[in-house]
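Read the structure below first, then the notes.
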Amino acid sequence: SRGGAGNDSATSGTPNATTAGASASGKKTFTIAMIAKSSTNPVFLSGRQGAEAAADSIGKATGVTVKIDWLTPPNEDAAVQAQRIAQAVNAGDDAILLSASDASKLVGAIDEAVARGVPVMTFDSDVPTSKRFSFYGGDDEAMGRQVMAELAKQMGGKGKIGILAGNQNAPNLQKRVKGAKDEAAKYPGMQILGTFYHIETPQDAAAEVLRAQNAYPDIQGWAFIGGWPLWTKTLLTDLDPNKVKIVSVDALPSELPYVDKGLAPVLFAQPTYNWGYVSVKTIWDHVHDKKDVPAHVQMDLIRVDKSNLNQWAKQLKDWGFSDVDPKYLNQ
Amino acid sequence: MTSPAVEFRGVTKRFPGVVALDDVSFDVHAGSVHAVCGENGAGKSTLGKILSGIYQADAGEVRLEGRPVRFASPRDALAAGVAMVHQELAFCENLTVADNLCLGRLPSRWGFVDRGALRERARALLGTVGASIDPDRPMASLGVAEQQVVQIAAAVGEGAKVVVFDEPTSSLGEAEAANLFRLIDELRERGVAILYVSHRMPEIYRLCDTITVLRDGRHVGTHPTSELDEASLVQLMIGRRLEQYFPAHVSAPRGEERLRVEGLTRPGHFEDVSFTLHAGEVLGLAGLVGAGRSEVAETIFGIVPAARGFVSVRGKRVQIAHATDAMAHGIGFVPEDRKKQGLVLGMRTRENTTLPTLDRLSRFGFVDRAAERDTVRIYFDRLRVKATQETVTAALSGGNQQKIVMAKWLAAGGDILILDEPTRGVDVGAKAEIHAWIDKLAAEGAAVLLISSELPELLNLSSRVVVLREGRVVGELPREAASQDALLRMMAGLTSEAA
Amino acid sequence: MEATASPTTDLPLFRRVSGTLLRSQQLGLVIVLIILGAALTAAAGSHPDRVTGAQVNNFLNAYTLIQMATDASAFAIMGVGATIVIISGGIDLSVGAIYALAGVVMAMVLRAAGPMGPIATVLLGLGACLGVSLVCGLLNGLMVIGLGVHPFIITLGTMWMLRGIAFVISKAESILVPSALTDVVKASLGFRTALYPVPLLVTLLVTVIGSVYLVRTVMGRHVFAIGGNVEASRFSGLGVDRVKLGVYVISGISAGIAAFVGAAFYGSATSSDGTGYELYVIAAAVVGGASLAGGKGSAVSALLGALLIVTIRQAIRTLHLDQNYEWIIIGGALIIAVVLDQSGSRLLARRLAAASATANRPRAA
Amino acid sequence: MEATASPTTDLPLFRRVSGTLLRSQQLGLVIVLIILGAALTAAAGSHPDRVTGAQVNNFLNAYTLIQMATDASAFAIMGVGATIVIISGGIDLSVGAIYALAGVVMAMVLRAAGPMGPIATVLLGLGACLGVSLVCGLLNGLMVIGLGVHPFIITLGTMWMLRGIAFVISKAESILVPSALTDVVKASLGFRTALYPVPLLVTLLVTVIGSVYLVRTVMGRHVFAIGGNVEASRFSGLGVDRVKLGVYVISGISAGIAAFVGAAFYGSATSSDGTGYELYVIAAAVVGGASLAGGKGSAVSALLGALLIVTIRQAIRTLHLDQNYEWIIIGGALIIAVVLDQSGSRLLARRLAAASATANRPRAA
Ligand SMILES: Nc1ncnc2c1ncn2[C@@H]1O[C@H](COP(=O)(O)OP(=O)(O)OP(=O)(O)O)[C@@H](O)[C@H]1O
Ligand SMILES: Nc1ncnc2c1ncn2[C@@H]1O[C@H](COP(=O)(O)OP(=O)(O)OP(=O)(O)O)[C@@H](O)[C@H]1O
Ligand SMILES: [Mg+2]
Ligand SMILES: [Mg+2]
């Protein structure tokens, strides 16, 4: 019942040892190390749920225990991610699923993992120059463009706007900002009054919006590059939907009232659950079942507005979010 | 004739609220020991600190061998051959004796410390002051006297041309002091100019050939020692005649037992210490420096626990685990190290004075400021504290700081008072005042345990003297039998135990 | 007892002078704030009010000022606690984490308790928030006095632990708090809508209580004493451990109050709330003149320090500076503010010295 | 001079004993590390090597150990600098920001310089990195000695400023560094591929240099002196300012070295690099026994402290504990490690004291 080629080890009989090897007949477990950007960001927790759900369903279908080894660092730090890739390889994990905080720092680590026989897939934030076999996700610049295009549509192509940009040191957010700015340039009537950064907590983000709104009273539209401020309730009361329009990335449960009230008529949800779900399935197909998979599995943003609010709420509920307001589920 | 080694010309130094030195001019000659006398706060230490580059004069000038100098730091002063032994000990506890001795000039090769040379130089320096301290010992493990000796060795060892001694004997025992005097004689022979600050008259008359008196920062005179008798010196210092240094002892009747110590032991510090202390008496605790007197006092007061033994207060055994417990039993304690143990230097004098008693001066946890100020005023007036209630304590001269510590525990008003070197660094006038106060306290029924390295003080005030040697009680002398000589012999272990 | 003749008679003068010195240390910060405010008012443009149509200054308007007060409230409330800890010679890096944990626990307790009357909701929320923060402060204090380890390390450890706990129990979700709380903290109290005076009032209240505690009470005096010289305090019979325990509890509770205001104001709590606040809070205390060596500081100054930091941040917005430079400006301004404050009070002290030295001359005995 | 008879004869004994005390302080940490390592080896499962097929322990294998050394290198290298600053009685919060700025500047300089020979590239990169970090350290040092403000505040200010500058000049881009650098730092030196000994070697080298500096040089002795008692040091004629300036420069340069290794190893630099490292670095120094009150610490211990932190983090991975508990575990472990270390050395000190007290007694007087 021992797997593995080149069986030159005399001491390989540990019963609980994970065994690997492509042709393993008696293979019992298959471990995927999942390394997202930061464990405090709820979107990645939803991705983890998706991954675990996929692992379960594969397990039920095939009898192989698929384990998700959650190695996400507490704070965004690409160097730590590189370290954890190496750790996963050293610990004998079978595949790695990564959302890169800083692509260029991770090329080396990924290529090495691949060289040492551990395939790597990326999601959400790609490392295109590496030897990862596939990427599931969208394109940050495109996401920024999409948000700005929608905002322009909502505002009739003109007006003064602000961009809320999250942590200024995060490269992927900077790409979204760039996309948003490029898109805005196409609308001569749209004037960007400022790009505002904040500490990535809901309260700090909301406070930044209020500060900016006070300093630039004529802001009429906001492009939120991340949904942070909408995870509080404060903008619901402090901004007037008749005067200010928001278009934001993300559509977590606490953001739904903003759509309902019309303050944020459109949200672009990332199907964060699928980050895990689709990726794990893809890894299984490729690594275990040796199927060909595309190098880029496109993830499309889900446009959430009043028309599909209830449907989206149900989707969130299904994905395991516990605090979806029942109000949106019952209709 | 060559120019004097040091000339002060119109030196003036101001601090917030005080003129510490006001137009001071006098000369110090090479090969002479020049006493600087004055009351607490007269400006003696300030003068020394200006000479050694710690402070800079606001006006006037200092000349060294005729050349005007203005030192920006002790580093400059040391380079010019001026060293100072400070009134308050200042050393690096975390380093060894050798490091502390040679800190400014560590022997080195290409920036690396030459350990062998360092040890040798340290031993040589210690040799010059007649001390045999292991240069590799951590400074923190030394007793106060040994630390003082190290500081003296560090200052004089490097061949300075001018040395300032600021109350060097205040923490030395008789033997170390005798060593120091011999050293100073040698320095004088070598042509070193010495400024010597002290409140102890016998020393001044033993060592110095010239005396300069400062009063309130002003120069009131420079005289050859031979032309100035002790009474006139004191009169110059305080501006009036002082009746007596040691007022006649008012013998109070010995009352009930207040404090009993039985078999108190802290291994390595003291063993099996027992004595009793009664109301109305002043019990002297004698011993050489390092005999463990302070340690006994600190243990009674609950600062450090005893390993064995008991303390009884008013006939009842008590558990004292903390100073608060001691205070609850009416015990007060003036510690020996005012800077470390006695005062919060950053606080105002008023706040320091009322620190142990604030609870009494408050209502519902709020400080009653009026009551506080009234209390403080009483003690400041009596002890002639030369500062206001609002002065930051760090700004006080050493002797005035000592008075604040006294005031603090007098205000606390316990009926068992432990005084560890209560007059260290205090000037003659205030010392007389403190002595009178101790007498008065005893007369009013307080029990006083007095630790002092000044035998005259101890002999004058105590009704009995208990002698400690190497951590053990080696005898007890009643007032009548106690003489300086008898005590010294017992302290040094030269006689069989007297009873 | 009446003042006797001789030396002590001009004591009130000295007291008055030194009192002014103290007060003017804060005056220095106040002046800096006023100058900064005036400059901002002059430099800021104006815009027509959306409702009344009247022209209003972009900086000097009720909304912006109240907004700044609200922004400052978290730093200022925790800054009072931090000042007290710093005066005692300690430091508390865990306030940001306590802020997060208290907020998260409150939100979870209220979610679990389900709908209740508004008063019950507020009381339960406040109780949960303050209870958690008290326990956290107690934990810090007990470890500081019991383990004999530097508080920097203890509170660095609890900072990581408490935030970890907040994260684990909340699963990093942003948990909404009932609107009863928001209604209280966003009560208009008769002002125009969207002007929220409550955070400002809470801040002022906390500052006044902190100030009275420090300046008027026996405990406050003891805090200064152990910060100034812990050994001498022990020799004076102070319960050093009790005082230390007290300051960490106070610091914890100040974080709890800030968490209540923050969570109620913004309507939600999450485990990442207050990330990095510990440094802002300590900066506010130190800009306000607290000495990290212990023994020195003032609650009112902590409030002013927090206001200064927030005003500098606001200046970047109001002057429409490129926000990319925010960190550079805040970092530089922090250092400049402390230097100005220190050199200002040093200058003042020197002037006073010169003045009173001459004044004192005649009274030397 | 020969040791005279009597008192000084047992001098070598005392020296030997105190030497042991010192060495065994580190021994304590070493033992903790060994026990932890053994426990992890026992508890970790094993897996077959993908290449050779041989069964290897999940913890005790060359890859994991070298990986841990690499992970620890940044904390350890900066930890040596931090230890020196802490011994001097100061603190440096800006090392993480210096790390980022030095890396970013190096990457930009190399990008601007265009392709060159590998040696020129490495030298230019190293020069840029060390040059920037030296300037930053100098800036810290000059402000600390010139402004008379507590280094916590100075370096908090520069921490914000320097990271702000890194952000502005790099526009938050991640800038690739030439592969010549990576080739050097990832050189196999004859080991198996994917085993990178260079970061470990650099760490050891820095630790040795730091240790020699502290223990053997005059400057090092002065660092201990001013941390022990700055006033006494000044009285002894030390150039206190020069020493202080020196320690901040050293700390800055240590961040520069770490930045070089980090940027070269990972292949790029960005303004968010090293975020939050300052606290880990200080924690490493303090776990290694440095006292935040100044006057105490060791470079070797800082390395051990960094290793301990990294091992604890690794343990979470190796034992497959839930990653979510990472913060709780690290926070708790930090406090426990310091307490263990302190109580261990206190116990030892007490035993030694008891022993030498009896030995000393006869020689009193
Ligand atoms: N650093 C300081 N700041 C403010 N005032 C000071 C400072 N140092 C000394 N003074 C004041 O200067 C005066 C002279 O002090 P100095 O220490 O020179 O007295 P002294 O003659 O040495 O007294 P003592 O015999 O008590 O040691 C005192 O009034 C003291 O309060
Ligand atoms: N190397 C040492 N190791 C441990 N303890 C020491 C050492 N050297 C001195 N001591 C202790 O420290 C104490 C010295 O303190 P100190 O000189 O204050 O004693 P004392 O009797 O109180 O004298 P005084 O009150 O005159 O200063 C002694 O009790 C001695 O046992
Ligand atoms: Mg003096
Ligand atoms: Mg003593």
Side-chain angles (χ1 to χ4, degrees), chain B residues 52-54 73-79 83-84 86 88-96 99-108 110-113 115 118-120 123-124 127 132-139 141 143 151 154-155 175 267-269 271 288 290-292 469-471 492-493, chain D residues 1-19 21 87 212-213 215-222 224-242 291 293-297 350 353-365:
Chain B
S52 63
I54 293 161
S73 70
R75 192 182 173 76
D76 296 352
L78 285 169
M84 179 164 178
H86 289 275
E88 312 289 347
L89 297 179
F91 53 86
C92 300
E93 280 202 340
N94 56 333
L95 298 180
T96 64
D99 289 333
N100 270 285
L101 278 169
C102 308
L103 200 51
R105 303 184 202 176
L106 288 167
S108 65
W110 304 301
F112 291 87
V113 178
R115 294 182 175 190
L118 172 63
R119 202 168 295 130
E120 253 173 54
R123 222 170 265 147
S132 57
I133 303 168
D134 177 354
D136 284 332
R137 271 173 72 184
M139 197 70 181
S141 76
Q151 302 238 289
H269 295 276
E271 300 273 346
L288 293 178
R469 176 157 50 84
E470 291 178 18
Chain D
M1 218 160 273
E2 292 299 78
T4 52
S6 74
T8 36
T9 40
D10 49 331
L11 184 133
L13 171 85
F14 189 93
R15 212 180 316 141
R16 243 183 300 141
V17 170
S18 68
L21 176 70
I87 293 173
V212 169
Y213 172 87
V215 179
R216 298 274 162 185
T217 70
V218 173
M219 282 297 277
R221 203 62 59 90
H222 288 180
F224 278 100
I226 72 166
N229 186 340
V230 68
E231 199 185 8
S233 305
R234 193 168 288 126
F235 288 176
S236 304
L238 299 197
V240 170
D241 283 352
R242 222 189 30 182
S291 155
K296 199 167 150 269
R350 208 169 311 143
S356 71
T358 28
N360 269 2
R361 208 81 280 264
R363 90 181 145 87

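We name chains A, B, ... by the order of the sequence lines, and we start the count at 1 in each one.
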D:Val215 portion near chain B, given a 4.5 angstrom heavy-atom threshold: both

Gap between atom NE2 of B:His86 and atom CD of D:Glu231 - 0.5 Å precision: 8.0 Å

Considering all heavy atoms, the nearest D:Asn229-B:Phe91 contact: ND2-O, 2.9 Å

Proximity breakdown for B:Leu103 and chain D, heavy-atom pairs closer than 4.5 Å: both

Non-hydrogen atoms of B:Cys92 and D:Ala225 that approach each other most closely: SG-O, 3.3 Å

Smallest separation among heavy atoms of D:Val212 and B:Phe112, with atom names: CG1-CE2, 3.5 Å

Option in B:Leu89, B:Leu95, B:Asn94, B:Leu106 with maximal non-hydrogen atom pairs under 4.5 Å from chain D: B:Asn94

Heavy-atom proximity to chain D below 4.5 Å, by part of B:Arg105: neither

Structural part of B:Leu118 lying under 4.5 Å from a heavy atom of chain D: side chain

CZ-CZ distance between D:Arg234 and B:Arg75, expressed to the nearest 0.5 angstrom: 12.0 Å

Top contributor to chain D contacts, counting heavy-atom pairs under 4.5 Å, from B:Ala175, B:Ser108, B:Gly111, B:Ser73: B:Gly111

Residue, of B:Arg115, B:Met84, B:Glu93, that accumulates the most heavy atom pairs under 4.5 Å with chain D: B:Arg115

D:Phe224 vs B:Asp99, side chain to side chain contact (heavy atoms under 4.5 Å, CB included): CA-CA, chis, key distance, verdict: CA-CA 10 Å; D:Phe224 278 100; B:Asp99 289 333; over 6 Å; no

Top contributor to chain B contacts, counting heavy-atom pairs under 4.5 Å, from D:Gly294, D:Ser236, D:Gly220: D:Ser236

